Amino acid sequence: MIKDTNIIYISAFGLLVRMFIFFVFYTHVTIYPDSSGYIDLAQHISALSYSGYDGARTPGYALIIALSFGNLYVTVFYQFLFGILTAILWYLLLQNLRFSKKQSLYITLFLQTFIHIYFFETAILMETFVLLLITLAFYLITLNKQTFAMHVILGLLCGYLVLTKPFYLYIPFLLYGFWFLQEPKNFKLLASRFIILVFPVLAYLGWSSVVEKHHGYFSSTTLMGVYISQNCVRFAEKSPDEFKWLSEPYVAYRNQAILENKDIAMSIWYAYDDGAYDKYHMEFSELSKALTEYAKVTIANNPMEYLHQVVFYSWRDFWNPTLYWNYNDFNFKYANKLFRGIWYIQEPIIYLFRIVFLLLVPVLIIKAIKNRTIDIGFIIMSVIFIASILQALLTYGTNNRFSFPFEFLIIISVLLYFKERDWWFLKPLINKFKF
């Protein structure tokens with residue numbers, strides 16, 4: 001029996017809103033280009049066979065689809081469940097951060113009002129599942145239980161997170177680094193915490209070995225070359241002659257994308273999908289491996305252009321809120337305009353929290369250096385800010401989607417900062433509503 005009735009309120013609110021939106025307004029499973037890779041791998045998992053798979057995706061999220069037994073509506077309802085569980089974890093996490101029960105309830109309900117949560121849950125994309133895993137990880141961390149069993153659980157969780165999206169391999173290493181700085185002489189505790197690194201590394205190396213065995217390319221994904229080369233889009237022609245067979249079609253499709261007002265970040269995909277490289281009779285993994293070498297050399301030869309691309313395009317895009325839906329697939333006329341209107345109100349609110357968060361980054365760094373302490377606010381900030389930098393260094397294209405799993409930690413970390421300062425200028429409002 002659930003003793004805390006607030007959990008019942010949060011669950012009921014989340015369930016009712018999801019059912020209302022889904023059955024009344026948007027009874028639709030949203031498929032994106034990335035969705036096909038997860039669906040394809042899920043089919044291979046169900047068949048217990050790797051044969052014929054292209055190695056583009058890792059199995060963490062695909063396993064969820066496989067457990068849907070080929071029915072994507074079941075996947076969506078799984079994701080609705082993940083969303084409700086995530087909201088409950090927000091509520092518990094906020095209490096671990098010393099917000100009162102009432103504050104935690106109100107904040108959680110506020111977070112659940114953002115509509116892009118529900119539309120991500122109707123899409124066959126990993127973001128909803130990743131949001132659950134990251135929220136669960138921080139909830140466990142804020143429990144502050146320094147036992148070997150807890151470290152094993154955190155290690156397994158981080159391992160599955162890496163198996164879902166290998167990019168997140170940096171998180172357990174960052175956490176362990178902070179723990180080392182906090183207690184460098186506590187060898188027993190550091191040894192116990194070391195397990196948090198083992199499972200993520202095994203997950204990364206294990207899947208990369210599978211990809212190498214089948215494609216001759218040691219990487220967590222055969223997409224890596226495409227990802228890296230996307231950051232070369234604005235200086236793609238500035239490569240050595242040995243790579244002209246790659247750069248010339250790339251540049252041609254980039255220029256065409258500019259003329260047609262299309263997303264130039266996808267230029268290499270336009271070239272590939274249009275068969276620009278078919279004459280070389282290469283497997284996708286072979287082409288991606290060649291693109292990796294092309295990108296490495298091109299970036300090394302053009303460091304300032306690469307830096308400009310990373311800072312002013314890839315990194316900046318990370319901080320743009322995004323809404324993933326099919327605008328024309330609502331159940332009846334004008335429903336899309338209603339939700340677009342809601343988003344026009346909510347998007348500036350999200351921007352505000354993100355701007356405040358970025359302003360707080362140097363403040364929290366200076367505070368940590370000055371006080372020689374690493375608190376949970378600094379850890380949350382570091383995980384998010386380093387994610388924004390790493391993803392910008394690695395790829396360009398849909399970078400704003402990468403920020404969604406951190407969206408609500410950004411809001412929570414901003415609120416935590418003001419709470420620790422007794423709400424500052426918000427105090428009269430807090431007192432008025434007995435928040």
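The chain is numbered in sequence order, starting from 1. Here the structure is a predicted model, which means the values were calculated and not measured.
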Taking only residues two or more places apart in sequence or in another chain, which ones pass side-chain contact (heavy atoms from CB on, under 4.5 Å) with I355?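 Checked I355 against side-chain contact (heavy atoms from CB on, under 4.5 Å); matches are L359.
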
Compute whether any side-chain donor of one residue and acceptor of the other, for [X] and [Y], lie under 3.5 angstrom apart.
X    : Y    : value
Y139 : N96  : no
Q309 : E305 : no
T30  : Y26  : yes
T395 : Q230 : yes
N231 : Y313 : no
W315 : S388 : yes
H215 : T222 : no
T75  : S68  : yes

For [X] and [Y], indicate whether the former's side chain and the latter's backbone hold a donor-acceptor pair under 3.5 Å.
X    : Y    : result
K213 : S208 : no
Y78  : I65  : no
N336 : Y327 : yes

Can you name the nearest heavy-atom pair linking I141 to I376, along with the distance?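 Distance-wise, the nearest heavy atoms are CG2-CD1, 4.2 Å.
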
Is there a side-chain contact between Q256 and K262 (heavy atoms, below 4.5 Å)?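 Heavy-atom side-chain distance check fails, nothing below 4.5 Å.
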
Taking the side chain as every heavy atom from C-beta outward, state whether E212 and Y217 have any pair of such atoms under 4.5 Å apart.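 Not touching, per the 4.5 Å side-chain cut-off.
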
Parallel, tilted or perpendicular: rings of [Y] and [X] (30°, 60°):
X    : Y    : value
W90  : F408 : tilted
F129 : Y61  : tilted
W269 : F284 : parallel

Do the side chains of [X] and [Y] get close enough for a salt bridge, i.e. N-O under 4.0 angstrom?
X    : Y    : answer
K244 : E237 : no
R57  : D40  : no
R340 : E347 : no

Would F25 and F22 count as a ring pair (Phe, Tyr, Trp, His ring centres under 6.0 Å) here? Give the steps. CA-CA 6 Å; F25 293 102; F22 186 74; over 10 Å; no

Roughly how far, to the nearest 0.5 Å, is the [atom2] atom of [Y] from the [atom1] atom of [X]?
X    : Y    : atom1 : atom2 : result
I171 : I379 : CD1   : CD1   : 12.0 Å
T322 : F404 : OG1   : CZ    : 10.0 Å
Q79  : I117 : CD    : CD1   : 13.0 Å

Identify which one of W343, Y324, W325 satisfies the ring-ring contact (aromatic ring centres under 6.0 Å, His included) criterion when paired with H116.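 Output: one option passes, namely W343.
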
Could you go through the ring pair (Phe, Tyr, Trp, His ring centres under 6.0 Å) check for F80 and F77 one step at a time? CA-CA 5 Å; F80 285 162; F77 278 95; 5.5 Å; yes

Establish, yes or no, whether the cationic atom of K367 lies under 6.0 Å from the six-membered ring centre of F378 and within 45° of the ring axis.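 The answer is no, since K367 fails at least one limit relative to F378.
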
